[in-house]
Amino acid sequence: MVTLEEVPDIVSKMTLEEKARIVVGVGMPGMFGNPPPRVPGAAGETHPIERLGIPSAVLADGPAGLRINPRRENDDKTYHATAFPVETMLASTWNREILEAVGRCLGEEVREYGVDILLAPAMNIHRNPLCGRNFEYYSEDPLLTGEMAAAFVKGVQSQGVGTCLKHFAANEQETNRHLIDTLVSERALREIYLKGFEIAVRKSKPWTVMSAYNKLNGQHCSQNEWLLTKVLRDDWGFEGFVMTDWFAKDDPVEMMRAGNDMIMPGKAYQIDPKRKDEVEAIINAVKEGRLDEEILIRNVKNILRILVNSPSFKGYKYSNKPDLDAHARVAYEAGVEGVILLKNNGALPVGRDARIALFGTGQIETIKGGTGSGDTHPRYVISILDGMRERRLRVDEELAEAHAKYLAEIRSTNEYRIEKTVFGEIFKPVPQDFLSEEEIGRFAERNDVAIILISRISGEGYDRRPEKGDFYLSDDEIRLIERVSKAFHGRGKKVVAILNIGSPIEVVSWRSMVDSILLTWQAGQETGRIVADIVSGERNPSGKLPTSFPMDYSDVPSWSFPGEPKDNPQRVAYDEGIYVGYRYYDTFGVEPAYEFGFGLSYTSFEYRNLKVETLDNRVVVSFEVVNAGSLPGKEVAQIYVRAPKGRLDKPFQELKEFHKTRLLNPGEKEKITVELGFNSLASYDGEKWVVEKGEYEVRVGSSSRDIRLIGRFTISQ
Ligand code: GLC
């Protein structure tokens, strides 16, 4: 047992080799001939030093759930972990309490399965809707990102285990991620790409941060002293330790110097013979005077000061039995609050007795989350079809059977066979229009409402494409929507589209053909139950968009994505600067399909009695939200601020606070009071944060474009 007080003494007893081992992982646990892992499926392990009573520590992914092997050799027990909704869906709840509750559950599973640090939250910005890992990230807005991350970190760390803010920083694409050089202004960095990390560091004190693969203005993040020491520690007061992303490039000695305390997973030469043995490289650098041993000692202390708090260092006897049933209920509630109602011309809720014709193979091949290190291995996934059956909704079983038969056949062909990869199974999308007009007509005759599922999956290592079948619907998906809406509308019946996707798709070209659109993102293992209860009206949707849906991909401001030269991008210039998402659309008058912060409810809300009061260095905003409809519901009140024209160009408006109400019954109201410190209104002029004087506008609303109350205040000095 090593305690915090003993760290300096322990380190003073360490040999040079032992210090070098503390800052480098043991290599991919259980792979390439490395020793058997303490927890099979975990992503990394630190070196133990038995002589000094230092145990190893275990690190495992990911943002939507603990990713460890669900089964082990010669062991009849299982090691499933809960699959929570993906981070974009958690952010869609705009509910700090939900994020903290998910964090607590996930933290318990991390601890009870013998893991010390969870490699989450992932919190890069949705700069472009095609980034393959957007599902693992929260939002296009840094405040929402930072607040969600801080709540999640508090939840996880309340369970006695650590978290890891990743990927620090400006890692907003998968294309050429190990080498791409991200060129971005300091203002855009500070106000957009670093701001979420800053909020989370200051508010929740995460144990660790993971430096990103990419270069930042010419220097690998893992070797970027400005990023890892000046900004992270000197400016923000971070007191944990920094680890690299797995096999990040490039020079172990430069990493040590820059303030990247730990190199993961270690033994990079095992995947690339041109790479070095990091332990040896560090020992030699110290011996040859190329690396000051004081720097190595600094990094070793940063690591040990954190790890002494870990379950492994405390000799915690974990059970391998976290309460998965309790966590399933939290995953369900988080999903219910993350579903977003994008359109509703009376088709939803369908009611308990409606006869439902469910179209789309996603009813069976329901997508719980994305692929890659953010994948999960839950005990089960409730498909949308099974969720509706379990909730006793009247699903047309003959139509369901037709989908099952179609899938069984097409998945047995070579072209559409399910591909097994190191990161899990890849389901190639299959044509959706396999039913004839006559068959669809028959189902339209005997059912009351049609529900069409549109599915998308993406993941680590590759970005999506602005093509049909990805950002745009495929021809067969359009044909299905056309046929179903013709058959059902022709009989005076409604059509609902459900989007089981991980980041935005194009909707304008087809949304007029359906009466309602429900965005259920990728909701984890409880998906089917969540969707069934929202569709039936058992639960009222209260999610809001954490990211804009553009009218068309050509409207997206991050034109340079994924970088130059187009055929093999080496650098990507964030030349849109701070104008990301609604900051761009609202400032340059580009209409989105669905705006940031948008989401409907089965009830309606009114906003009243706005008061704006300036006290010494802050402004106090209070107002009331009333449930003016006929069903209980929750509202996400959003507070945007429009700054006066000053020296610096500014976005039209920026989100400065938000508050999700409790469940309000019809007629009930909630009084909301928030405080905005003047410093939260500052912009970065390239050297310092500046608060412009002049008249500010407080814009309170139900979305960034549905502003209900406007107030003003002045900052004089
Ligand atoms: C991956 C990911 C990172 C993950 C790590 C360990 O490459 O970039 O998010 O935590 O390696 O799996």
Side-chain angles (χ1 to χ4, degrees), residues 84-102 138-139 141 144 147-148 151-152 329-344 347-350 387 496 498-500 516-524 526-527 529-547 549 594-607 623-639 655 657-672 674 700-706 708:
F84 294 93
V86 296
E87 281 194 8
T88 304
M89 184 167 201
L90 293 177
S92 302
T93 70
W94 292 60
N95 188 332
R96 296 173 175 92
E97 289 160 20
I98 289 264
L99 272 284
E100 193 159 342
V102 168
Y138 291 116
S139 171
D141 178 86
L144 184 59
E147 290 292 334
M148 296 291 98
F152 178 79
R329 286 190 290 277
V330 173
Y332 165 84
E333 285 300 331
V336 163
E337 288 217 17
V339 171
I340 300 172
L341 183 57
L342 293 176
K343 176 178 180 181
N344 194 21
L348 288 173
V350 299
V496 176
I498 292 188
L499 309 183
N500 179 198
S516 298
I517 302 177
L518 202 60
L519 172 54
T520 62
W521 296 119
Q522 295 158 353
E526 302 300 321
T527 297
R529 292 170 173 147
I530 293 160
V531 172
D533 288 351
I534 299 275
V535 162
S536 70
E538 180 67 25
R539 300 302 297 269
N540 183 357
S542 62
K544 300 278 184 181
L545 282 176
T547 204
F549 271 58
Y594 295 114
E595 73 269 19
F596 178 80
F598 177 73
L600 301 173
S601 168
Y602 292 153
T603 186
S604 63
F605 296 96
E606 279 172 10
Y607 287 63
F623 56 95
E624 288 170 352
V625 171
V626 184
N627 182 343
S630 57
L631 283 170
K634 290 189 175 185
E635 168 67 327
V636 177
Q638 301 155 47
I639 296 99
L655 179 74
E657 247 305 355
F658 58 91
H659 173 84
K660 186 156 201 176
T661 68
R662 67 178 190 279
L663 186 70
L664 297 175
N665 290 317
E668 258 193 323
K669 69 182 177 190
E670 181 170 326
K671 182 169 168 34
I672 296 162
V674 297
V700 179
S702 187
S703 88
S704 58
R705 288 188 174 228
D706 180 4
R708 306 289 183 84

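Quick note: residue numbers are just sequence positions, from 1.
Expressed to the nearest 0.5 Å, how far NZ of Lys669 lies from CD of Glu606 amounts to 12.0 Å. Taking OG1 of Thr603 as the start and CG of Leu631 as the end, the distance is 6.0 Å to the nearest 0.5 Å. Here Glu657 contributes atom CD and Ile672 contributes atom CD1; the two are 10.5 Å apart, rounded to the nearest 0.5 Å. To the nearest 0.5 Å, the span separating CG on Asn95 from OG on Ser542 amounts to 8.0 Å.
Between the side chains of Glu635 and Tyr607, a donor-acceptor pair is found at a separation under 3.5 Å. For Ser703 and Glu595, the side-chain atoms include at least one donor-acceptor pair closer than 3.5 Å. In summary, the side chains of Lys660 and Thr93 do not present any donor paired with an acceptor at a separation below 3.5 Å, with no hydrogens or angles considered.
When all heavy atoms of Tyr594 and Leu342 are compared, the closest pair comes out as CE2-O, 3.4 Å. For Ile98 against Ala334, the heavy-atom pair with the smallest separation is CG2-CB, 3.7 Å. Counting all heavy atoms, side chain and backbone alike, Met148 lies closest to Leu90 at SD-O, 4.2 Å. Closest approach of Val336 to Ile530, counting heavy atoms only: N-CG2, 3.8 Å. Considering every non-hydrogen atom in both Leu99 and Ala151, the closest pair reads CB-CB, 3.8 Å. Pairing each heavy atom of Val350 with each of Ala347, the nearest pair is CG1-O, 3.6 Å.
The side-chain heavy atoms of Ile534 and Thr520, taken from C-beta on, include no pair separated by under 4.5 Å. Counting heavy atoms from C-beta outward, Val339 and Met89 have side chains that approach closer than 4.5 Å. You'll find the side chain of Tyr332 reaches within 4.5 Å of the side chain of Asp533, heavy atoms only. Looking at heavy atoms from C-beta onward, Leu499 lies out of side-chain contact with Trp521 at the 4.5 angstrom threshold. Residues Pro349 and Tyr602 meet the side-chain proximity criterion, which asks for heavy atoms closer than 4.5 Å. Between His659 and Val636, the closest side-chain pair of non-hydrogen atoms is not below 4.5 Å.
Counting only distance, with no hydrogens or angles, the side chain of Asn540 and the backbone of Ser601 share no donor-acceptor pair below 3.5 Å. Using modelled atom types, one side-chain atom of Gln638 and one backbone atom of Gly597 make a donor-acceptor pair closer than 3.5 Å. One N or O on the side chain of Lys544 and one on the backbone of Ser702 form a donor-acceptor pair closer than 3.5 Å. Distance alone, capped at 3.5 Å, is enough to place a donor-acceptor pair between the Asp141 side chain and the Leu144 backbone. Remark: the backbone N or O of Pro546 is paired with a side-chain donor or acceptor of Ser139 at under 3.5 angstrom. Asn627 contributes no side-chain N or O that, together with a main-chain N or O of Phe605, makes up a donor-acceptor pair within less than 3.5 Å.
The neighbour count for Glu97 CD, taken as heavy atoms of other residues, nucleotides or ligands under 6.0 Å away, does not exceed 12.
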Would you sort out whether Ile639 and Phe623 count as a side chain to side chain contact (heavy atoms under 4.5 Å, CB included), showing the intermediate values?
CA-CA 11 Å; Ile639 296 99; Phe623 56 95; 4.1 Å; yes

Under the side chain to side chain contact (heavy atoms under 4.5 Å, CB included) rule, what do Val496 and Ile517 come out as? Steps first, then yes or no, please.
CA-CA 6 Å; Val496 176; Ile517 302 177; over 6 Å; no

Could you walk me through whether Glu337 and Lys634 pass the side chain to side chain contact (heavy atoms under 4.5 Å, CB included) test, one step at a time?
CA-CA 9 Å; Glu337 288 217 17; Lys634 290 189 175 185; 2.4 Å; yes

Residue pair Asn500, Val531: steps toward the side chain to side chain contact (heavy atoms under 4.5 Å, CB included) verdict
CA-CA 10 Å; Asn500 179 198; Val531 172; over 6 Å; no

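Salt-bridge check for Arg529 with Glu538: failed, with every basic side-chain N at 4.0 Å or more from each acidic carboxylate O.
Cation-pi geometry between Arg96 and Phe658 is satisfied (NZ or CZ under 6.0 Å from the ring centre, within 45° of the ring normal).
Between Trp94 and Phe596, the two ring planes are tilted [angle within 30° to 60°].
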